[in-house]
Amino acid sequence: MRRMFMLLCSLTLTLACSGGDDDEGAAPKVLVNPAPDGAPWETLGEWRLFRDGQKQLPAQRVEPYDVISPLWSDGTFKRRFIHVPEGKTIGYQGDSGWDFPVGSVLAKTFSYRNDARDPSLGERLLETRLLVHEATGWVGHTYVWNDAQTDAVRKIAGDDIPVKFTDGAGVEHDIVYAVPNTNLCNECHGKDEPNTLGGVTRQLNRDRDYGGKSENQIDHFASLGWFDSAPPAASARDAMVDPQGGDSVSDRARAYLDANCAHCHTAGRVAGSSGLLLAWADTANPPDPKTFGVCKIPTSAGGATCGLVHDVVPGKPDDSILICRVKSREPKVQMPPLATQLTDDTGVELLSAWVTSLTGACQ
């Protein structure tokens with residue numbers, strides 16, 4: 001009997017990770033299997049977050065989502081998912097991070113498409129990061145996908161993955177993708193009280209495709225009964241703009257800075273004392289233009305000023321420390337300082353256009 005029980009358990013986990021049906025429209029009943037607090041599963045498959053891990057098809061009560069302004073991660077393709085436990089709800093917040101219930105899981109899978117211009121040519125799944133809300137707070141775990149792409153194994157110390165891919169501009173890359181160690185999770189998510197980065201209204205108030213139907217994400221979550229109270233109408237909710245969209249260059253730059261820099265450059269975070277505050281709200285109508293670096297002399301750059309004087313010089317991106325540091329990939333100069341080795345050329349172009357659009361002169 002014990003042997004039969006073990007075989008059944010093994011079969012269940014295998015189906016949960018690799019899927020039991022090639023039809024992406026089918027949704028067999030696969031329930032999430034949360035790990036005990038402080039004892040994460042050693043493989044991603046054991047969590048049962050996916051009914052087909054290789055195809056990234058989520059299990060029941062696991063919903064895909066997208067953000068408006070993504071964090072640059074060396075051109076990787078990212079899929080994001082939220083799991084909320086049965087019988088629990090999210091405390092909706094309009095202008096701050098949502099209050100996720102204990103047991104919630106946020107998952108993000110990083111991959112490189114072999115050729116970003118043609119998804120049909122396949123991809124390489126690299127890692128899936130989990131942010132798990134335990135009774136004591138949020139805890140991060142990283143799972144690295146095996147070569148066969150059938151499951152991912154938990155890695156505490158990080159990993160290096162050789163990978164070749166062609167980006168959306170047709171440029172070929174041959175790099176060693178660096179999976180960060182789990183201690184680095186709190187560098188961005190907060191050391192004292194870790195929290196989500198994308199779990200906020202301004203990032204999630206957008207439409208996405210749900211089975212061929214476009215629907216606002218927050219409205220979709222509300223229809224599932226996931227909130228403790230009804231959110232206001234989409235038009236009354238805060239929302240950033242797409243950094244690569246058609247809005248003003250100022251708002252697009254603000255959205256980019258919020259997603260890529262504000263997790264540190266916010267009051268109370270690692271770079272909050274620098275005075276260079278880059279969150280969406282901070283840059284809306286700053287009482288002092290120096291709030292987001294205009295004519296501001298850096299106070300805590302650690303010598304990484306690129307030989308320049310001001311964070312942002314109106315009309316002069318080449319004289320602006322901010323542009324130099326976003327463009328650089330020298331370890332002690334680059335921004336963001338972690339988990340990236342390729343320059344975000346479109347981000348540099350956007351921020352440079354924004355600086356060029358500014359008027360005035362630094363004294």
Side-chain angles (χ1 to χ4, degrees), residues 25 27 29-32 34 47-51 56-71 78-108 130-139 189-190 193-243 245 247 251 254-255 258-259 262-263 266 268 279-285:
K29 189 173 183 179
V30 176
L31 300 179
V32 173
W47 287 90
R48 297 207 296 260
L49 292 165
F50 302 99
R51 55 188 170 91
Q56 291 286 284
L57 300 179
Q60 289 193 346
R61 292 195 68 84
V62 178
E63 288 290 323
Y65 73 97
D66 295 311
V67 295
I68 294 174
S69 179
L71 174 70
K78 289 178 275 191
R79 297 180 178 88
R80 302 168 179 84
F81 305 89
I82 296 175
H83 164 64
V84 176
E86 185 79 38
K88 296 187 177 182
T89 56
I90 299 169
Y92 176 82
Q93 302 290 333
D95 57 1
S96 60
W98 291 356
D99 185 11
F100 287 89
V102 171
S104 298
V105 180
L106 272 64
K108 181 161 61 174
L130 303 185
L131 201 58
V132 183
H133 196 187
E134 297 186 351
T136 56
W138 290 98
V139 180
H189 288 276
E193 295 182 6
N195 210 329
T196 73
L197 297 179
V200 293
T201 296
R202 67 179 182 274
Q203 275 280 32
L204 299 178
N205 189 23
R206 56 161 291 172
D207 291 351
R208 82 177 310 274
D209 182 82
Y210 290 95
K213 176 186 175 183
S214 180
E215 185 180 3
N216 181 278
Q217 291 182 138
I218 296 177
D219 291 342
H220 178 73
F221 296 151
S223 72
L224 299 175
W226 276 21
F227 292 120
D228 61 351
S229 60
S235 59
R237 298 192 293 248
D238 194 17
M240 295 195 297
V241 304
D242 180 355
D247 291 274
D251 281 348
R254 289 175 54 217
D258 181 277
H263 46 270
T266 302
W280 178 252
D282 289 327
T283 58
N285 292 294

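Computed from a predicted structure; not experimentally measured. One-based numbering along the sequence shown.
Legend: residues meeting salt bridge (charged side-chain N to carboxylate O under 4.0 Å, His left out) with D99, ordered by chain and number and at least two apart, are absent. Considering only residues two or more places apart in sequence or on other chains, K78 meets the side-chain hydrogen bond (donor to acceptor under 3.5 Å, both in side chains) condition with S73. When the ring pair (Phe, Tyr, Trp, His ring centres under 6.0 Å) test is applied to H133, the partners found at least two apart in sequence or on another chain are W138. Under the side chain to side chain contact (heavy atoms under 4.5 Å, CB included) criterion, A255 pairs with S69, M240, V241, P243, W280, sequence neighbours left out.
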task: Show the numbers, then the answer: is there a side chain to side chain contact (heavy atoms under 4.5 Å, CB included) between F221 and I90?
output: CA-CA 10 Å; F221 296 151; I90 299 169; 5.8 Å; no
Chi angles and distances behind the side chain to side chain contact (heavy atoms under 4.5 Å, CB included) call for V105, L49: CA-CA 9 Å; V105 180; L49 292 165; 4.2 Å; yes
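Considering every non-hydrogen atom in both Q217 and L204, the closest pair reads NE2-O, 3.0 Å. The minimum heavy-atom distance linking A107 with L130 is given by the pair CB-CD2, 3.5 Å. The two residues V32 and Q60 have their closest heavy-atom pair at CG2-O, 4.0 Å.
A 4.5 Å side-chain heavy-atom check between V102 and K88 finds at least one atom pair inside the cut-off. Put simply, the side chain of E86 does not reach to within 4.5 Å of the side chain of L31, judged on heavy atoms. A heavy-atom distance below 4.5 Å is found between the side chains of P101 and V84. Put simply, the side chain of V132 reaches to within 4.5 Å of the side chain of W47, judged on heavy atoms.
Between atom CH2 of residue W98 and atom CD1 of residue I218 there is a gap of 4.5 Å, rounded to the nearest 0.5 Å. Residue D282 holds its CG atom at 6.5 Å from OG1 of T266, rounded to the nearest 0.5 Å. Interatomic distance, OG1 of T201 versus CG of D95, reported as 8.0 Å (0.5 Å rounding).
Here F81 and F50 bring their ring centres to under 6.0 angstrom of each other.
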Please output the side-chain donor-acceptor pairs of residues 223-233 that fall under 3.5 Å, not counting sequence neighbours, one pair per line with the distance.
residue : atom : partner : partner atom : Å
S223    : OG   : H220    : O            : 2.5
D228    : OD1  : Y92     : N            : 3.3

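Side chain of H83 to backbone of R61: a donor-acceptor contact under 3.5 angstrom is found. For the pair Q203 (side chain) and I68 (backbone), a donor-acceptor distance under 3.5 Å is present. Side chain of D238 to backbone of G94: no donor-acceptor contact under 3.5 angstrom is found. Within the 3.5 Å criterion, the main-chain N or O of A59 finds no donor-acceptor partner in the side chain of R51.
The salt bridge (charged side-chain N to carboxylate O under 4.0 Å, His left out) analysis of residues 199-220, with sequence neighbours excluded, yields the pairs D66-R208, R202-D258, D219-R237.
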